[in-house]
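To find a chain, count down the sequence lines: A is the first, B the second, and so on, and within it residues start at 1.
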Number of protein chains: 2
Amino acid sequence: IYKPVAGVASDSSQVRILLSNLPDIPGTAAKLFGALAQNNISVDMIIQSLARNGENSIAFTVAEEDLNATLETIKNQKDIILTGEILTDNDIAKVSIVGAGMVDRPGIAASMFRALSEKNINIKMISTSEIKISCLVEKNNAKDAIKALCKEFGLESSEEAVVKG
Amino acid sequence: IYKPVAGVASDSSQVRILLSNLPDIPGTAAKLFGALAQNNISVDMIIQSLARNGENSIAFTVAEEDLNATLETIKNQKDIILTGEILTDNDIAKVSIVGAGMVDRPGIAASMFRALSEKNINIKMISTSEIKISCLVEKNNAKDAIKALCKEFGLESSEEAVVKG
Ligand SMILES: C[C@@H](O)[C@H](N)C(=O)O
Ligand SMILES: C[C@@H](O)[C@H](N)C(=O)O
């Protein structure tokens with residue numbers, strides 16, 4: 001059978017940091033991630049939604065063991081004037097579905113979200129690309145989420161792919 | 001030469017819709033995208049950042065020609081009580097860099113953001129996966145953005161990949 005979703009993956013090794021009230025002007029994101037790169041901190045997800053009143057917030061995830069170095073880097077950088085909050089959340093797990101066949105099928109994302117909502121799992125953040133949809137959920141929901149997604153998309157739980165997508 | 005970034009792509013055919021003040025409870029995203037899928041509307045990017053005070057906003061992009069059908073679907077659905085705003089932005093272009101080699105290199109995202117900021121291009125939204133980083137910029141910045149990114153990552157402008165990532 002042809003399956004549009006080839007694999008399901010989860011990663012509970014990350015923490016999420018959000019910087020609020022950043023100036024929504026060219027260069028802000030470059031300075032923030034430039035400072036992290038200079039300190040050799042690998043960033044996984046980056047999510048920036050709509051600016052409101054000339055300010056924006058940027059959320060990103062790093063490995064748990066890099067949290068302190070990340071917060072140090074943010075505090076020590078002098079390029080961005082930080083007037084907002086620095087919010088950390090270490091109760092996150094990234095659950096993803098991956099598949100090249102998802103691209104032209106409306107409804108794959110809806111099916112993923114429905115499968116999670118039927119287990120009463122709240123979606124904390126969402127980020128997508130053409131072949132991958134990732135949701136942040138609470139860590140203790142990760143196992144149930146993976147089981148629900150494998151069932152929804154007809155995958156054996158062993159097909160939990162370590163797919164980069 | 002090994003290039004971590006294999007291609008650069010742009011897409012100016014989309015519009016962005018944002019629904020604000022959505023209840024941050026399981027099922028909200030499932031209902032929204034379920035309604036769109038029932039009306040056969042293909043969604044490209046979905047971006048949801050952090051909830052504040054029990055409410056969240058969800059931004060997503062659809063093809064320009066689906067905008068009216070999308071707004072009709074949102075207005076006609078009865079599953080979600082909409083108390084916030086429905087904000088549309090048709091001045092967007094998605095510019096992306098794609099490459100399997102990006103995964104373990106801190107600094108690729110920073111380089112992308114820096115290349116855009118040097119051309120004074122403001123980043124409206126950001127969404128990433130392991131092998132693809134996408135930014136929404138204003139439509140009239142798309143060409144300059146692609147040129148700057150090709151230069152930054154050592155790609156011929158013809159390597160503007162139509163890569164799904
Ligand atoms: C908020 C931040 O992304 C800003 N708009 C920038 O371009 O860097
Ligand atoms: C806001 C929305 O994503 C909600 N948290 C849900 O799980 O559906």
Side-chain angles (χ1 to χ4, degrees), chain A residues 16 18 24-51 57-59 87 89 96 100 103-111 113-134 164-165, chain B residues 16 18 24-51 57-59 87 89 96 100 103-111 113-134 164-165:
Chain A
R16 189 229 65 221
L18 181 127
D24 188 37
I25 55 173
T28 303
K31 288 171 188 160
L32 172 60
F33 293 99
L36 295 171
Q38 266 170 14
N39 287 275
N40 217 25
I41 295 168
S42 242
V43 172
D44 182 34
M45 294 172 85
I46 302 171
I47 296 179
Q48 177 196 310
S49 188
L50 187 64
S57 58
I58 296 180
L87 303 170
D89 183 359
S96 310
V103 177
D104 296 316
R105 295 166 167 247
I108 301 270
S111 299
F113 302 152
R114 198 184 50 246
L116 296 176
S117 78
E118 283 167 1
K119 296 278 177 238
N120 209 27
I121 294 172
N122 194 41
I123 302 168
K124 294 181 139 187
M125 286 194 163
I126 304 170
S127 179
T128 64
S129 74
E130 282 82 348
I131 64 167
K132 182 167 184 164
I133 302 175
S134 293
K164 298 262 183 251
Chain B
R16 189 227 68 216
L18 181 126
D24 188 37
I25 55 173
T28 303
K31 288 172 188 157
L32 171 59
F33 293 99
L36 294 171
Q38 265 170 13
N39 287 276
N40 216 25
I41 294 168
S42 245
V43 172
D44 184 35
M45 293 172 85
I46 302 172
I47 296 179
Q48 176 195 312
S49 189
L50 186 65
S57 57
I58 296 180
L87 303 171
D89 183 359
S96 309
V103 177
D104 296 317
R105 294 168 170 249
I108 300 269
S111 300
F113 302 151
R114 198 186 49 246
L116 296 177
S117 78
E118 283 168 3
K119 294 278 179 250
N120 210 27
I121 294 172
N122 194 40
I123 302 168
K124 293 182 138 186
M125 286 194 164
I126 304 171
S127 179
T128 65
S129 73
E130 283 83 349
I131 63 166
K132 182 166 184 168
I133 303 174
S134 292
K164 299 262 180 244

Region of A:L36 in contact with chain B, defined by heavy-atom distances below 4.5 Å: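 Interface part for A:L36: neither.
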Given a strict heavy-atom distance threshold of 4.5 Å, which part of A:I121 is in contact with chain B: side chain, backbone, both, or neither? backbone
[X] side, atom [atom1]; [Y] side, atom [atom2] - distance, nearest 0.5 Å:
{"X": "A:I126", "Y": "B:M45", "atom1": "CD1", "atom2": "CE", "result": "12.5 Å"}
{"X": "A:D24", "Y": "B:N122", "atom1": "CG", "atom2": "CG", "result": "4.5 Å"}
{"X": "A:S134", "Y": "B:I46", "atom1": "OG", "atom2": "CD1", "result": "11.0 Å"}
{"X": "A:L50", "Y": "B:S49", "atom1": "CG", "atom2": "OG", "result": "11.0 Å"}

Hey, which of B:A29, B:G34, B:G27 has the most heavy atom pairs under 4.5 Å with chain A? B:A29
For each of B:A37, B:A51, B:A30, B:A59, tally heavy-atom pairs with chain A at distances under 4.5 Å, and name the one with the top tally. B:A30
For the backbone of A:T128 and the side chain of B:S127, can you confirm whether one donor and one acceptor N or O come within less than 3.5 Å of each other?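 Confirmed, B:S127 side chain pairs with A:T128 backbone.
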Look only at the side chain of B:E130 and the backbone of A:D44, and say whether a donor-acceptor pair between them is shorter than 3.5 Å. no
Given A:I58, A:I25, A:V43, the one with more heavy-atom pairs under 4.5 angstrom with chain B than any other is A:I25
Which one of A:S57, A:A110, A:A115 has the most heavy-atom pairs closer than 4.5 Å to chain B? A:A110
The interface call for B:I47 against chain A, heavy-atom contacts under 4.5 Å, is both
